[in-house]
Amino acid sequence: MTMSRQLRIILIAFCACISALLAQAQDGSLDRYSNIPNLRAADGAFVLGRPEADVKLIAFSDFLCTSCQNYEPIIWRFIQHYVETGKAQFEYRVYPVIDPALSVHSASLVECADRLRPGQFWRARDLMFDLVSTRGFAEESIRAFADALQQDPAALTECAQGASQYEIDARYGLTLGASAAPALFVQYGDAKPLPIALALPEHHDAIVNAIRPATSDPVLIEKGRYAGLKTFRRADGGFVLGDPQAPITIVAFEDFLCPHCQSYQTNVDALIEEYVRAGKAQFEFRFYPLVNPQYSTSMAKTAECVAAQDLTRFWDSHDLLFEFARRGTLENLIADTAGLLELDADALGACVDRSMQFLIDTQLAQSAFVSGTPAIRARQNGGSLELIYLGEQPIDRGAPTIFQLRDLLEGAGNVSIGPPDFSSLTDSFLVDTSLMTGEPCAPPCWQNIVPGETSMEDARAIVEAAGYAVIENVRSGFQFANETGIACCEIGHQLGMDGAVSEAVAVILLRLAPINELGEVIANYGEPTAVYTPDPGQAPQDQLSLVFADARMILTVLVASADEPARPNSKVVDIAYFSGDAMDQIMQLMSTKPRWQGYLSPNAYRERAAAGD
């Protein structure tokens, strides 16, 4: 064979390889996602990763959102480290908040790129982010988008006019409480997704820590006062002591700095020695830092990071941190803890900067109507959180004594476990009739605080002057308690389109005692503009959320069950007042929600929403 013939053969082979690669590129199989399983959720959302992964990261984003564009490298690192390796799934959802038309159109084009050529979604998603961040979103970028995917721009545009996945995603985001983009949630198994705080120094580490594999395999503690007991972490990271097969779990929400929590440890000690060691119960500890914004949180982070080094030392750190709190020796917390427990102090300090189990526990506490510490809930056979009842009275504030816990675990007396009685819980919330009386001002004004007009500084001063105690400052605003000290309400900043905050109040959220009735509201304000049905949770009752656009408010009313209709005497249990800008965004997302069609059941409205009625 001559040299020239060899070169021709090599050239032909090379061209064949190039042709094959081009064919792969055209059908989307040659991209950085090609080795990752991809599928669609039951409602059509796009998902990357193995279905059997224990944890899922859910992202709500907008292609036109600058913060979302900047966040993409962090998401890709997460996909590489956790999704590609089979440890987690990644679910992408559109949350169109920047521009009513362009945000939706960009999302619809990406959806249609996959519809017209299945398997191209993730490549199309990356391409749209790249084009919008470098060229903006215009006709030129649409043509470039179609050319890069080797698709017909006219066909893409026509398809986009009928795309609707963005509506499904936006509705889901609303039910989870997403208020801006990007918004991230972590989901463990089939549990309800939990929000991940983005306002942290290192976003990727925060995400990794939030989905960090938490062992469900029991580990035997071999030394110290807990020697001989098993410990493990639940799928969402909660710390559990005792036999995993024990029928009852006592769950404590506590703050190391809380004096009542410190005193309650004698009850916890007796519970562990008498019932956990005997295999009759488990003890589950949850962080709920309330007393001091700095030290309460630091102590919770330290305890979690002790477990990151050695899970069997968590319970020793639990005791040690309570002792530090009693003595007031908090200045050298990390060094002192590491020294006494013989751990790596540098690693402990580095971990503390990323720790966020306390956020997951706080979210769980709020879903369980915890308003102070210590608070005790219970699980039966590892199930959902329930209340402990003394007769028919729930112990929803404070904590049961060891004598009551003994009766519960021995099946004696009148102590039992049961689901929350929602109405008895809301009796403790804000007693407020301004919705009906219009005093001192009418919706969307409350206590002379007007969303979109009143500054956050003035709003806080008004709340405190009215006798309400501000109990927590959060990035989005502040929370406060009613006259009896029950956390009930929140006032939030004006959220900018890029997720930033300004000084104006954007939203007022009030959890109400059940004294206002739906029929009276409709008589005063007319029929609702739209209806949507939040996740009913695990309570036996269900809810309807009713949008009153002109009054810039959304009310939540309680109904007996998912199949029972709302009634004129259905109680209003939550209310939200919005600024004009915030209400406009909400109404854009509500465009596909069913209109008010009378006193129907939650399931009836769900069926109408699914049918597009």
Side-chain angles (χ1 to χ4, degrees), residues 171-179 192 363 366-369 371 420-436 443-444 446 451 479 482 486-492 506-522 524-578 582-583 586-587 589-590 593-606 608-609:
R171 287 197 296 267
Y172 187 44
L174 280 174
T175 65
L176 294 182
S179 58
K192 184 175 181 178
Q363 174 74 15
Q366 292 170 350
S367 70
F369 304 102
S371 58
D421 178 348
F422 195 88
S423 61
S424 67
L425 287 169
T426 53
D427 284 341
S428 302
F429 291 133
L430 184 68
V431 176
D432 187 275
T433 58
S434 62
L435 173 65
M436 303 312 305
W446 179 78
Q479 297 177 352
N482 63 11
I486 302 299
C488 63
C489 311
E490 182 174 336
I491 292 180
V507 60
I508 302 171
L509 305 173
L510 308 173
R511 174 158 284 178
L512 303 175
I515 56 177
N516 299 287
E517 296 186 347
L518 176 57
E520 296 174 343
V521 175
I522 291 177
N524 277 20
Y525 298 98
E527 293 184 346
T529 311
V531 182
Y532 73 95
T533 49
D535 182 352
Q538 296 168 2
Q541 298 91 350
D542 206 336
Q543 301 173 4
L544 284 176
S545 288
L546 309 173
V547 182
F548 293 79
D550 291 342
R552 301 200 327 244
M553 67 181 181
I554 297 178
L555 308 181
T556 300
V557 297
L558 194 68
V559 296
S561 72
D563 293 314
E564 288 292 320
R567 304 180 190 281
N569 63 352
S570 294
K571 304 299 183 183
V572 178
V573 293
D574 290 293
I575 187 167
Y577 297 132
F578 296 92
M583 198 71 212
I586 289 170
M587 290 311 299
L589 297 174
M590 288 287 174
K593 290 292 183 183
R595 310 285 291 183
W596 171 255
Q597 299 178 46
Y599 292 97
L600 305 179
S601 70
N603 276 347
Y605 276 111
R606 288 187 180 104
R608 281 161 172 75

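These figures come from a predicted structure and were not determined experimentally. All residue numbers refer to positions in the sequence shown, counting from 1.
- Counting only heavy atoms from C-beta outward, the side chains of T529 and R595 approach each other to under 4.5 Å.
- Taken from CG in N603 to CG in D563, the straight-line distance is 4.5 Å, to the nearest 0.5 Å.
- Distance check, rounded to the nearest 0.5 Å: CD of E490 to CG of L510 gives 10.5 Å.
- The closest side-chain heavy-atom distance from V521 to F548 is below 4.5 Å.
- Residue I508 holds its CD1 atom at 10.0 Å from SG of C489, rounded to the nearest 0.5 Å.
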Could you go through R608 and V531, starting from their C-alpha distance and side-chain angles, then the distance that decides it, and tell me whether this counts as side-chain contact (heavy atoms from CB on, under 4.5 Å)? CA-CA 10 Å; R608 281 161 172 75; V531 182; over 6 Å; no

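- For the atom pair CD1 of I515 and CD of E520, the computed distance is 10.0 Å after rounding to the nearest 0.5 Å.
- Annotation: side chain of M553 is in contact with side chain of L435 (closest heavy-atom distance under 4.5 Å).
- Atom OH of Y525 sits about 14.0 Å away from atom CG of L546, to the nearest 0.5 Å.
- There is a side-chain donor-acceptor pair under 3.5 Å between D432 and S434.
- The closest side-chain heavy-atom distance from L544 to S601 is not below 4.5 Å.
- F429 places none of its side-chain heavy atoms less than 4.5 Å from the side chain of L512.
- A pairwise comparison of heavy atoms in T556 and Q543 identifies CG2-OE1, 3.4 Å as the closest pair.
- The backbone N or O of M436 sits nowhere less than 3.5 Å from a side-chain atom of T433 that would complete a donor-acceptor pair.
- You'll find the side chain of Y599 reaches within 4.5 Å of the side chain of I522, heavy atoms only.
- No side-chain heavy atom of P514 sits less than 4.5 Å from a side-chain heavy atom of L558.
- The main-chain N or O of P451 is found under 3.5 Å from a side-chain atom of R552 such that the two form a donor-acceptor pair.
- Within the 4.5 Å cutoff, the side chain of Y577 has heavy atoms near those of the P443 side chain.
- The two residues M583 and F578 make their nearest non-hydrogen contact at SD-CD1, 3.9 Å.
- Remark: the backbone N or O of V557 is not paired with any side-chain donor or acceptor of S570 at under 3.5 angstrom.
- Put simply, the side chain of D574 never gets that close to the backbone of I554: no donor and acceptor are under 3.5 Å apart.
- Considering every non-hydrogen atom in both S561 and P602, the closest pair reads O-CD, 3.7 Å.
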